[in-house]
2 protein chains.
Amino acid sequence: MQKRPPRQPLSQQQVIDLLDSHGVQPTMQRQEIAQVLFARDQHLSADDVLKQVNQDSARVSKATVYNTLGLFAAKGLIREVIVDPSRVFYDPNTCEHHHFYNVDTGELMDIDADQLALMNLPTLPAGTVADGVDVIIRIRNQASA
Amino acid sequence: MQKRPPRQPLSQQQVIDLLDSHGVQPTMQRQEIAQVLFARDQHLSADDVLKQVNQDSARVSKATVYNTLGLFAAKGLIREVIVDPSRVFYDPNTCEHHHFYNVDTGELMDIDADQLALMNLPTLPAGTVADGVDVIIRIRNQASA
DNA sequence: GGGTGACGTAGACTTTGTCTAAAAACTCGA
DNA sequence: TCGAGTTTTTAGACAAAGTCTACGTCACCC
Ligand SMILES: [Mn+2]
Ligand SMILES: [Mn+2]
Ligand SMILES: [Zn+2]
Ligand SMILES: [Zn+2]
């Protein structure tokens, strides 16, 4: 029942601490990217991040954006969400939760974990361990025909 | 508890009937693609289909493979499975079911619907209707350090 | 024969993401 | 402070999946 408070923009010190605490060197570029990602609860593509981070004169290269998003995901700072065949979304919310995906609009919305229970997790194939469970509820706009 | 029998290669007449029954004109190219897709329970990418359909001299173009997979999916003959950011898989099994995805090997395996129950489907956002529920259990090989 | 519509095709093109090779920026001990 | 080694960033080439366009082909009908 615990509810995470809505995300808020972080101070520079908070960003540095967050990166530090996940074993990520807080370079300037990584701080800028983290600022964008953690500004609020949202689901951004790599290209969204690239644009936002470069919108007012700060310059971070495409390679660095991709490298950094991969690093953040590997270190557990953010989560990759794969719902759209054309691009990956990055999610600052790493708590267990699921997603609505509106196939008409491309909109991606969170579903709190306590809103959707999974029963009977099946036994995994031999020699494998679980890495995560994604539930995506695809929705359409009504009367879109 | 009803269990679908394992899929088997279809006769040409069965393929034609299958396409007809879904309102798809059974052209030669569509028949060849359907033969490949429905030969057995499997998850093929567009490129897999393109290669298989062209392996012994029969020529179907890339454009036609993509067009046909899109058409089959739209008509409900097959299902798109989006688990890998680099390619879409196409699934001849349109019964409700879910997937294991081995992130080490890229292997995709079915989970029968009765093996995994979802409780408390959350209320959908206003003005939208459900289009499908995907559950993906990501797994890794043990001790892959 | 000629028109119409559905379908298939080559190949250019777009988009997302990766890779390479080099520059820049840190780290740390002498 | 110097300098060697390491980590990070970068431009731009590259790769892969998928889309689009413009044209060809075929069936059907008159
Ligand atoms: Mn794509
Ligand atoms: Mn891609
Ligand atoms: Zn989310
Ligand atoms: Zn399947």
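Naming convention: chains lettered A, B, ... in sequence-line order (proteins, then strands); numbering from 1 in each chain.
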**Study point:** Protein-nucleotide distance (B:E80, atom CD; D:dA17, atom P), rounded to Å
**Key:** 16 Å

**Study point:** Length of the line joining B:L71:CG and D:dT19:P, which is rounded to integer Å
**Key:** 14 Å

Exercise for review: For B:H43 and B:D91, test the side chains for any donor-to-acceptor distance below 3.5 angstrom and give the result as yes or no.
Suggested key: yes

Check your understanding: Rounded to whole angstroms, how far apart are CD1 on B:I82 and P on C:dT16?
Key -> 15 Å

**Study point:** Distance, rounded to the nearest Å, where A:D84 contributes CG and C:dG17 contributes C1'
**Key:** 14 Å

Exercise for review: Could you list who else is in B:I139's hydrophobic cluster, with ILVMFWY side chains joined at under 4.5 Å, directly or through other members?
Suggested key: A:F100, A:M109, A:I111, A:L116, A:L118, A:L121, A:L124, A:V133, A:V135, A:I137, A:I139, B:F100, B:M109, B:I111, B:L116, B:L118, B:L121, B:L124, B:V133, B:V135, B:I137

Check your understanding: In whole angstrom, what separates A:R87's CZ from D:dG18's P?
Key -> 15 Å

Point to revise | Gap between atoms OH and C1', on B:Y90 and D:dG18 respectively (whole Å) | key: 9 Å

Review point. Distance check: side-chain N/O of B:Y66 vs OP1/OP2 of D:dT19, anything under 4.0 Å?
Key: no

Review point. B:N54 has an atom CG; how far is it from atom P of C:dA10, in whole Å?
Key: 9 Å

Review point. So does B:E96 have more than 12 non-hydrogen atoms from other groups sitting under 6.0 Å from CD?
Key: no

Review point. Ion pair present between A:D47 and A:R87, side-chain N to carboxylate O less than 4.0 angstrom?
Key: no

Point to revise | Protein-to-nucleotide contact annotation, 5' to 3' order, nucleotides 6-11 of chain D [B base; S sugar-phosphate only; - none; under 4.0 Å, heavy atom] | key: --SSBB

**Study point:** A:R40 CZ: over 12 foreign heavy atoms closer than 6.0 Å
**Key:** no

Exercise for review: Please report, rounded to the nearest Å, how far the C1' atom of C:dT16 is from the CG atom of A:L44.
Suggested key: 16 Å

Review point. Salt bridge or not for A:D134 and A:R79, using N-O below 4.0 Å?
Key: yes

